[in-house]
Every structure is written in C-alpha cells, then in structure tokens.
Student: 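Encoded as structure tokens, here's the structure I'll be asking about.
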Amino acid sequence: MKRIAIFASGSGSNAQKIIEHFTDKSDIEVSLVLSNNNDAYVLERASTLNVPVYVFDRQIFYKSNQVHDILRDTGVDFIVLAGFLWLVPNNILRGWQGRIINIHPALLPKFGGKGMYGDKVHQAVIEAGEKETGISIHYVNEKYDEGEIIFQYRFNILAGDTPESIAERIHQLEHKHYPEVVERLVRELGGGGNREQGIRNKE
Ligand code: GRF
C-alpha cells in the first residue's frame with residue numbers, strides 16, 4: 001500500500017477529488033489530511049470521507065519534528081499540497097525529497113511566489129494582458145512555486161473573462177488532472193519506500 005498525505009489550508013476541493021479518486025483503489029490511499037487552519041473546510045471534507053486529520057500551528061510546524069514524525073509514523077510515501085499556504089520546512093523536504101508536489105492556478109514560472117494565490121493570481125494574469133493561462137503541477141522546494149514543473153495545462157483567456165470566471169475553469173481542470181498526475185507519480189515511486197527515513201511500504 002502506498003500512502004499519501006495532503007496538506008491544505010482552505011476549502012479543499014482538490015483534496016476531496018484526490019481522496020475520492022483513490023477510494024476504489026486497493027494499493028494507494030490518502031491516509032492523512034493536514035492543515036495549519038483549524039477552521040479550514042478541508043477538515044470537514046476529510047472527516048466526511050473518513051480520512052484522519054491533523055492540525056498544527058506555526059510553532060509546531062517550524063520549531064518541532066511533530067509533523068515530520070506523524071508523516072513518518074503514518075508511513076507516508078508521497079505528499080500533496082492542495083491550497084496550502086505555508087512553506088514546507090527543511091526536515092520534511094529532506095525526508096520526502098522528490099516526493100512533494102503542489103498545484104498552482106497559473107502557468108509558472110510567471111505569476112507565482114509569496115502572496116500569489118486565489119483570485120490575486122487571476123487578477124495579475126488579466127492585468128498583464130496574457131492571452132492564455134492554466135494550471136501548473138510542480139515539485140516543492142524551499143521557495144514558493146519554484147520547484148521543477150511536472151505538468152501544465154493551458155487555455156485561452158476570452159474577452160470578458162474575470163478572475164471568477166477564470167477561477168472556475170481552473171478548478172475544473174485541477175479536479176480533472178491533479179488526481180491523475182498524483183496517481184502517475186505515486187505509481188512511479190516503485191516499491192522501495194522512503195529509505196532515508198526508514199519508512200517501509202506496508203504491503
Ligand atoms: C487551487 O486553485 C490551487 O491551485 C491553489 O489553491 C487552490 C485550492 O483550492 N494552490 P481548493 O481548496 O482545493 O478548492
């Protein structure tokens with residue numbers, strides 16, 4: 001069994017799609033949803049879908065090994081960020097190197113970085129006069145939105161498009177492609193588990 005953890009700070013519609021995508025698969029599951037936000041709707045979505053949740057604060061995340069240890073003890077092989085707004089600390093980056101991905105609602109490397117999330121991204125894309133936008137799935141490193149790009153899907157911006165209308169199309173694309181890309185990457189991991197942390201896949 002391969003185990004996925006999802007980090008999310010807000011609504012969690014992507015998290016939900018990913019959880020649902022794997023509910024009928026016997027060899028991959030979403031084992032844990034983690035959030036920095038006690039009020040995040042993603043926590044309700046996860047509970048409804050019977051996925052355990054874990055909430056942490058800044059102190060725990062950056063000044064302790066608690067989150068790292070929970071991921072290790074859960075046997076997490078792969079980490080998915082889905083609307084998660086904090087940088088991932090080094091202990092987790094090291095432990096899951098090449099196994100942490102994020103989705104961004106624009107065509108990176110443009111329109112990324114700290115503070116570029118939600119409708120602000122789409123507003124910036126429109127103001128820049130871009131002809132197209134899209135989604136980017138990328139590896140996570142110590143900087144916002146700068147890891148290697150894995151997958152992009154683009155579409156034309158139409159006259160009269162607003163941040164809201166773009167956001168709607170972006171979400172549809174994210175829901176279609178993110179679970180598929182996660183599955184492909186998890187299947188490519190092979191059977192070795194995460195050796196650095198001594199994690200073995202519990203088949
Ligand atoms: C998505 O648009 C994603 O690209 C961005 O945050 C948003 C999260 O949406 N990183 P949701 O919480 O999954 O609905």
Side-chain angles (χ1 to χ4, degrees), residues 4-23 30-49 51 53-56 61 78-88 92-93 96 99-126 128 130 132-155 157 161-185:
I4 298 168
I6 301 178
F7 283 73
S9 302
S11 161
S13 69
N14 279 284
Q16 178 172 343
K17 290 288 172 190
I18 294 167
I19 295 167
E20 287 169 347
H21 180 82
F22 290 107
T23 44
V30 176
S31 305
L32 190 61
V33 166
L34 302 99
S35 184
N36 59 312
N37 177 5
N38 214 7
D39 299 324
Y41 186 53
V42 69
L43 299 174
E44 260 178 78
R45 295 190 198 255
S47 300
T48 304
L49 293 163
V51 177
V53 298
Y54 178 77
V55 179
F56 53 86
F61 201 39
F78 197 80
I79 297 174
V80 175
L81 311 189
F84 181 62
L85 297 178
W86 289 359
L87 285 176
V88 176
I92 297 174
L93 287 178
W96 283 267
R99 292 159 175 254
I100 311 177
I101 66 170
N102 180 43
I103 192 162
H104 186 76
L107 296 171
L108 294 172
K110 281 179 161 183
F111 308 109
K114 190 169 166 57
M116 279 300 246
Y117 61 88
D119 283 352
K120 280 187 234 171
V121 180
H122 311 313
Q123 189 65 48
V125 167
I126 291 171
E130 295 289 318
E132 56 179 14
T133 187
I135 60 171
S136 302
I137 298 172
H138 64 93
Y139 287 107
V140 169
N141 64 18
E142 68 286 356
K143 300 203 180 122
Y144 283 107
D145 304 324
E146 288 191 18
E148 185 193 339
I149 294 167
I150 301 161
F151 174 93
Q152 290 186 309
Y153 194 99
R154 51 190 72 224
F155 61 86
I157 296 173
D161 257 331
T162 61
E164 292 74 26
S165 68
I166 291 177
E168 201 177 311
R169 273 161 37 237
I170 290 277
H171 258 115
Q172 283 169 9
L173 287 172
E174 290 183 332
H175 294 165
K176 173 168 163 39
H177 293 288
Y178 207 14
E180 289 171 1
V181 171
V182 170
E183 179 171 359
R184 173 168 65 80
L185 294 172

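Ligands are counted one by one from 1 in listed order, and the atoms in each one are counted from 1 as well.
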Student: From atom 14 (O) of ligand 1, work out which of S136, S13, G118 has a heavy atom at the shortest distance.
Tutor: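 Going through S136, S13, G118 one by one, S13 has the nearest heavy atom to atom 14 (O) of ligand 1.
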Student: Any chance CZ of F111 has more than 12 other-residue heavy atoms, nucleotides or ligands included, within less than 6.0 Å?
Tutor: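 Yes, enclosed.
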Student: To check your reading of the model: name the closest protein heavy atom to atom 9 (O) of ligand 1, its residue, and the distance in Å.
Tutor: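 Protein heavy atom at minimum distance: H171 NE2, 3.2 Å.
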Student: Less than 4.5 Å apart, side chain to side chain, heavy atoms only: is that true for T23 and L49?
Tutor: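 They are not in contact (no side-chain heavy atoms under 4.5 Å apart), so the answer is no.
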Student: Which option wins on minimum heavy-atom distance to atom 3 (C) of ligand 1: R45, M116, E174?
Tutor: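 Ranked by closest heavy atom to atom 3 (C) of ligand 1, first place is E174.
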Student: Closest non-hydrogen protein atom to atom 12 (O) of ligand 1, residue and atom name please, with distance?
Tutor: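 So the nearest neighbour among protein heavy atoms is G12 N, 2.7 Å.
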Student: Report yes or no: does a heavy atom of A8 sit under 4.0 Å from some atom of ligand 1?
Tutor: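 No; A8 lies far enough from ligand 1 that no heavy-atom distance drops under 4.0 Å.
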Student: Evaluate F84 against F61 for ring-ring contact (aromatic ring centres under 6.0 Å, His included), listing each step before the verdict.
Tutor: CA-CA 13 Å; F84 181 62; F61 201 39; 5.8 Å; yes
Student: Of all the non-hydrogen atoms in the protein, which one sits nearest to atom 10 (N) of ligand 1, and at what distance?
Tutor: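 I find the closest protein heavy atom is I103 O, 2.9 Å.
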Student: Atoms of ligand 1 less than 4.0 Å from S11 heavy atoms?
Tutor: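 Result: 12 (O), 14 (O).
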Student: Counting only heavy atoms, tell me which of G83, A82, G10 gets closest to atom 6 (O) of ligand 1.
Tutor: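 Selected option, by shortest heavy-atom distance: G83.
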Student: Below 4.5 Å, heavy atoms only, C-beta onward: do Y153 and K176 meet side chain to side chain?
Tutor: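 Not touching, per the 4.5 Å side-chain cut-off.
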Student: Can you tell me if S11 uses its side chain to pair, donor with acceptor, with the backbone of Y41 under 3.5 Å?
Tutor: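 No, S11 side chain to Y41 backbone: no donor-acceptor pair under 3.5 Å.
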Student: For ligand 1, is Q16 a contact, meaning one of its heavy atoms is under 4.0 Å away?
Tutor: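 No, that is not the case, since the closest heavy atom of the residue is not under 4.0 Å from the ligand.
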Student: Is it true that atom CD of E132 has more than 12 heavy atoms of other residues, nucleotides or ligands lying nearer than 6.0 Å?
Tutor: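 Count over threshold, so yes.
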Student: Backbone or side chain, does any N or O of N102 fall under 3.5 Å from an N or O of ligand 1?
Tutor: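 So ligand 1 has no N or O lying under 3.5 Å from an N or O of N102.
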